Student: 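The structure that follows is given in the form of structure tokens.
Because the structure is a prediction, the values reported are computed rather than measured. A note on names: the letters A, B, ... follow the listed sequences, proteins ahead of strands, and every chain is numbered from 1.
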There are 2 protein chains.
Amino acid sequence: MSVTIKDIAAFVGVSYSTVSLVLNGKAAENRISAELEKRILAAAKELNYRPNTLARGLRRGVTNTIGFVISDVSNRFFIKLARYVEKEAMKYGYRVLFASSDEDENRCVEVVNTFLNQQVAGLIIIPAEGLEEKIAQLTNLKIPFVLVDRHFPKIDANYVVMNNWQSAYDATEYLIKKGKKRIATFSYATNFFHMAERLDGYKAALKDYNIRFDRQLVKEVPFLDNEKSEVLLGEYIPHLVEDLNIDSIFFQTNSTAIPGIQILYERYIRVGKDISVICFDDNEFFKLLMPPVSSLLQPIEEMGIESVRILIDEIKNKRAKRMKNKTVYSAKLIDRNN
Amino acid sequence: MSVTIKDIAAFVGVSYSTVSLVLNGKAAENRISAELEKRILAAAKELNYRPNTLARGLRRGVTNTIGFVISDVSNRFFIKLARYVEKEAMKYGYRVLFASSDEDENRCVEVVNTFLNQQVAGLIIIPAEGLEEKIAQLTNLKIPFVLVDRHFPKIDANYVVMNNWQSAYDATEYLIKKGKKRIATFSYATNFFHMAERLDGYKAALKDYNIRFDRQLVKEVPFLDNEKSEVLLGEYIPHLVEDLNIDSIFFQTNSTAIPGIQILYERYIRVGKDISVICFDDNEFFKLLMPPVSSLLQPIEEMGIESVRILIDEIKNKRAKRMKNKTVYSAKLIDRNN
DNA sequence: ATGAAAGCGCTAACAT
DNA sequence: ATGTTAGCGCTTTCAT
């Protein structure tokens with residue numbers, strides 16, 4: 001059995017509430033003598049006391065934990081984001097629990113519930129599609145939360161997202177200005193608002209430059225693991241290149257970009273076919289490919305920090321907060337002249 | 001406030017212990033009528049009851065959680081491992097909590113303590129250097145744990161690791177058989193046993209093929225973020241290529257391979273210099289580089305599954321277990337003919 | 001077949 | 001300045 005405050009109390013010869021006060025740094029305000037404080041602290045250390053987080057959380061009603069729901073762990077963007085979130089939360093004295101939903105609605109609901117059961121102080125969520133109803137529920141529960149990367153226009157919630165329309169517009173315009181006219185684009189098959197915004201940005205750029213929108217050049221790929229994505233893209237890409245005569249591709253998501261680039265480079269670009277590529281989200285290898293791949297760089301660190309800031313703010317001022325915080329970032333186009 | 005079993009009890013009009021029994025699936029064995037069971041379940045659903053994990057854990061003394069300590073989140077290998085661990089643990093009904101130590105001893109101790117405070121049922125740890133003492137403590141605490149990727153020869157603990165010596169030997173031999181003679185190698189500056197094994201494997205291969213070991217060709221890089229690694233490698237690599245006339249590199253770690261390859265390809269290989277590269281750990285982009293990069297592929301999924309299996313086994317048979325489980329995997333050399 | 005009650009470890013209000 | 005005590009939500013043993 002592990003050491004409890006009662007053991008410390010018995011060891012030092014005081015009541016266990018005194019121990020609790022000292023251990024919580026409330027010695028001074030309760031006028032507990034410095035000498036006793038020191039003895040208690042020493043005893044705790046000697047006995048290797050470790051506070052039971054469950055008991056403390058149960059008693060207090062909340063914990064100093066926040067839950068982070070990641071949609072897709074194989075996406076570097078989310079992992080980096082998680083890292084910054086953890087680092088930032090630590091500054092405020094909060095621990096972060098992680099869980100992944102694999103872009104699955106039910107799994108997402110499940111992990112959110114698990115977090116709620118754990119009495120987390122708040123949530124940071126990269127929501128899966130179809131989570132709208134659950135998110136609405138959270139609002140009723142009065143639990144602070146922030147949506148990241150994606151949000152639901154109909155729900156008034158805190159969010160931290162990208163300016164998807166503008167970013168997609170910029171990417172498309174970049175290709176157009178390089179003289180490209182047959183611009184394919186890959187998106188993630190979803191009803192998510194943010195993907196619609198990206199497609200609209202793409203269309204708008206085409207329109208502004210008088211390029212006819214061709215429905216055939218838009219490929220929507222469901223969320224799959226890397227292997228299955230490769231199979232699917234292994235059908236789409238040859239069709240686009242050989243039959244539809246494309247001269248460039250704008251990958252709207254990391255999950256299509258990685259397998260897409262693999263196929264594209266192995267089968268076409270490396271053997272001399274000139275197809276320009278630009279992707280949402282940068283990757284450390286893009287600059288090493290021949291030719292390199294351009295990208296839309298997202299301000300991951302800022303997004304992580306901001307998410308935590310918003311969340312902690314709401315946790316601390318629970319009652320006061322009325323207005324939800326909506327932050328929209330711009331991507332930076334990394335021009336690798338490809 | 002949230003809904004408790006008391007609320008359900010009041011709602012249905014029974015005592016709250018009855019509710020507890022039903023909710024724990026012990027209705028039958030306590031001969032609670034099927035009808036009442038149904039009413040209680042319905043009430044729980046209707047009131048949107050969510051069990052308080054803290055209270056349950058406090059009462060039970062353990063939780064169905066296991067803690068996973070990751071050393072370096074920027075390493076894809078560990079992220080993938082984490083994913084498989086989570087998936088496998090779920091099959092046994094366990095949740096996985098994640099935390100990263102950033103290869104820092106103190107941070108590692110901290111997160112292990114946090115996990116212990118949370119009453120986790122067991123731990124899976126990718127230990128940071130210097131964690132030996134803490135690991136020994138864990139043994140005394142009788143908490144089940146498994147070390148992954150690295151272990152301490154002096155400590156009798158469960159572990160799941162690679163055959164580092166053989167893998168390094170194979171990689172070096174691969175380069176030698178391609179006719180390379182000036183083989184540089186990058187390792188992680190540490191006293192870790194597994195890195196020493198890799199260096200020994202490298203040396204052994206050189207010796208077997210009568211190539212003189214040159215201390216200057218061995219570079220040890222401390223654990224740094226990607227940016228700082230690039231700076232450091234930006235000094236080492238030109239020196240190796242220009243002054244020491246190397247013809248190949250064996251990167252012993254992912255953390256040196258990624259920035260190393262970046263510098264190598266940008267400054268030398270892309271402009272015609274012929275330097276073969278092989279790395280511990282594969283990467284999806286290796287095959288796309290020109291020339292491609294060979295690698296030692298680790299059986300990540302098996303390692304994850306095995307770690308969980310060992311851990312759960314020890315959790316379930318706490319008292320019985322005497323022998324520790326030591327699993328060693330072999331890497332597969334991916335020959336990209338570079 | 002159902003209820004009463006103890007107690008897990010801790011915090012904090014109240015007492016002395 | 002330190003001690004007493006109630007109770008957070010739950011499980012489980014023992015009564016009835």
Side-chain angles (χ1 to χ4, degrees), chain A residues 1-41 43-44 47-65 113-114 116-121, chain B residues 1-41 43-44 47-65 113-114 116-121:
Chain A
M1 218 40 221
S2 58
V3 180
T4 72
I5 48 175
K6 285 190 183 173
D7 297 319
I8 299 178
F11 185 84
V12 178
V14 291
S15 86
Y16 70 94
S17 59
T18 306
V19 175
S20 173
L21 289 174
V22 169
L23 260 26
N24 284 294
K26 296 182 179 171
E29 71 192 68
N30 286 73
R31 284 166 296 185
I32 288 167
S33 69
E35 188 268 338
L36 179 56
E37 182 182 5
K38 209 186 291 177
R39 269 169 57 217
I40 290 175
L41 259 15
L47 298 177
N48 194 22
Y49 170 72
R50 211 169 311 104
N52 184 319
T53 312
L54 302 183
R56 172 177 292 173
L58 177 58
R59 179 59 235 238
R60 286 208 182 135
V62 279
T63 59
N64 63 149
T65 3
N113 279 337
T114 310
L116 294 176
N117 297 352
Q118 301 245 114
Q119 319 300 115
V120 295
Chain B
M1 218 41 219
S2 57
V3 180
T4 73
I5 48 175
K6 285 191 183 173
D7 296 319
I8 299 178
F11 185 84
V12 179
V14 291
S15 85
Y16 69 92
S17 57
T18 305
V19 175
S20 173
L21 289 173
V22 170
L23 259 25
N24 283 294
K26 297 181 179 171
E29 71 192 70
N30 285 74
R31 283 167 296 186
I32 288 167
S33 68
E35 188 268 337
L36 179 55
E37 182 181 6
K38 208 185 293 176
R39 268 169 58 216
I40 290 176
L41 259 15
L47 298 177
N48 193 22
Y49 170 71
R50 212 170 311 104
N52 184 320
T53 313
L54 303 183
R56 172 177 291 173
L58 177 58
R59 178 59 232 238
R60 286 208 183 134
V62 279
T63 59
N64 63 149
T65 8
N113 280 336
T114 309
L116 293 176
N117 297 353
Q118 301 244 111
Q119 319 301 117
V120 294

Student: Can you measure from CD (A:Q119) to CZ (B:R50) and round to the nearest 0.5 angstrom?
Tutor: 9.0 Å

Student: Is a donor from one side chain sitting under 3.5 angstrom from an acceptor on the other, for A:T18 and A:S15?
Tutor: yes

Student: What distance separates B:N48 CG from B:D7 CG, expressed to the nearest 0.5 Å?
Tutor: 12.0 Å

Student: C:dC8 C1' sits how many Å from B:N52 CG, rounded?
Tutor: 13 Å

Student: Of B:I32 and B:L58, whose nearest nucleotide on DNA chain C comes first from the 5' end?
Tutor: B:I32

Student: Would you say B:R39's side chain and B:V12's backbone share a donor-acceptor pair under 3.5 angstrom?
Tutor: yes

Student: In residues 33-40 of chain B, what residues come within less than 4.0 Å of DNA chain C, judged by heavy atoms?
Tutor: B:S33, B:L36

Student: In whole angstroms, how far is the P atom of D:dG3 from the CD1 atom of A:I5?
Tutor: 13 Å

Student: Is it true that a side-chain atom of A:T63 and a backbone atom of A:G57 form a donor plus acceptor pair closer than 3.5 Å?
Tutor: no

Student: For DNA chain C, which residues in residues 10-24 of chain A have a heavy atom at a distance below 4.0 Å?
Tutor: A:Y16, A:S17, A:S20, A:N24

Student: Tell me whether the OP1 or OP2 atom of D:dT12 has a side-chain N or O from B:K26 closer than 4.0 Å.
Tutor: yes

Student: How long is the line joining CZ of B:R60 and P of D:dT13, in whole Å?
Tutor: 12 Å

Student: How long is the straight-line distance from CD1 of A:I5 back to CG of A:L47, given to the nearest 0.5 Å?
Tutor: 13.0 Å

Student: If we ignore hydrogens and angles and just use 3.5 Å, is the side chain of A:N52 paired with the main-chain N or O of A:L54 as donor and acceptor?
Tutor: yes

Student: Grab the CD-P distance between B:Q119 and D:dT11 for me, whole Å please.
Tutor: 16 Å

Student: What's the separation between atom CD1 in B:I32 and atom CD in B:E37, rounded to the nearest 0.5 Å?
Tutor: 7.5 Å

Student: Spell out, as yes or no, whether a donor-acceptor pair under 3.5 Å connects the side chain of B:T65 to the backbone of B:V120.
Tutor: no

Student: Determine yes or no for a side-chain-to-main-chain donor-acceptor pair under 3.5 angstrom, with B:N24 supplying the side chain and B:L21 the backbone.
Tutor: no

Student: Five pairs per end, C1' atoms only: what is the angle between the end axes of the helix from C:dA1-D:dT16 to C:dT16-D:dA1, to 10 degrees?
Tutor: 50°

Student: Could you tell me the separation between the OH atom of B:Y49 and the CG atom of B:L41, rounded to the nearest 0.5 Å?
Tutor: 11.5 Å

Student: Without decimals, in angstroms, what is the distance between B:L116 CG and C:dG9 P?
Tutor: 15 Å

Student: Closest-nucleotide mapping onto DNA chain D: is A:R59 or B:R59 further toward the 5' terminus? I mean the 5' end.
Tutor: A:R59

